[in-house]
Amino acid sequence: MNTCRHIDQVIKLAEAEGNKVLSFSKSELMDNVVWMNNQLSKELRDKIILDMKNLDYKKTKDMPHDPATEYFVCAECKAVVIFPLQTAK
């Protein structure tokens with residue numbers, strides 16, 4: 001993917017579970033924003049949090065205009081990978 005080696009590793013692990021990259025974008029604060037298609041499994045989330053100490057884990061609240069997400073941020077590379085908490089129906 002070539003966003004950042006840490007985020008690329010998260011993407012590779014998620015893809016091994018059958019997840020897919022939905023899109024790429026940028027934001028005011030992040031140079032690379034990777035949006036994943038499906039939820040992250042609890043097992044993989046726990047593994048990433050435990051093994052990849054250089055990434056920050058965050059979670060947003062569900063709002064009417066913005067569904068909840070969870071994400072991993074690499075502050076050094078200004079990159080983030082975002083997972084929906086609910087897969088679209």
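In what follows, every heavy atom counts, from backbone to side chain, and hydrogens, waters and symmetry copies are set aside. What you see is a predicted model; the values in this text were computed from it and never measured.
For the atom pair OH (Tyr71) and NZ (Lys58), the distance works out to 6.5 Å, reported to the nearest 0.5 Å. Taken from CG in Asn54 to NE2 in His6, the straight-line distance is 4.0 Å, to the nearest 0.5 Å. In this structure, Arg45 CZ and Tyr57 OH are separated by 4.5 Å, a value rounded to the nearest 0.5 Å. With rounding to the nearest 0.5 angstrom, the CG atom of Asp31 is 11.5 Å from the OG atom of Ser25. Taking NZ of Lys59 as the start and OG1 of Thr69 as the end, the distance is 10.0 Å to the nearest 0.5 Å. Put simply, CE on Met30 and CD1 on Ile7 are 9.0 Å apart, with the number rounded to the nearest 0.5 Å.
A donor-acceptor pair under 3.5 Å is absent between the side-chain atoms of Asp56 and the main chain of Val73, judged by distance alone.
One hydrophobic cluster, built from ILVMFWY side chains closer than 4.5 Å, holds both Leu55 and Met36.
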Sequence neighbours excluded and cut-off under 3.5 Å, please list the side-chain donor-acceptor pairs for residues 16-24, or say none.
from: Glu17; atom 1: OE1; to: Ser41; atom 2: OG; distance (Å): 3.1
from: Glu17; atom 1: OE2; to: Ser41; atom 2: OG; distance (Å): 2.8
from: Asn19; atom 1: OD1; to: Asn37; atom 2: N; distance (Å): 3.4
from: Asn19; atom 1: OD1; to: Asn38; atom 2: N; distance (Å): 3.0
from: Asn19; atom 1: ND2; to: Asn38; atom 2: O; distance (Å): 2.8
from: Asn19; atom 1: ND2; to: Gln39; atom 2: O; distance (Å): 3.3

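The minimum heavy-atom distance linking Thr60 with Leu85 is given by the pair O-CD1, 4.2 Å.
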Salt bridge (Lys or Arg N to Asp or Glu O under 4.0 Å) assessment of Lys12 paired with Asp8: CA-CA 6 Å; Lys12 192 178 291 186; Asp8 286 349; over 6 Å; no
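Counting only heavy atoms from C-beta outward, the side chains of Ile11 and Val34 approach each other to under 4.5 Å. A 4.5 Å side-chain heavy-atom check between Phe83 and Leu44 finds every atom pair outside the cut-off.
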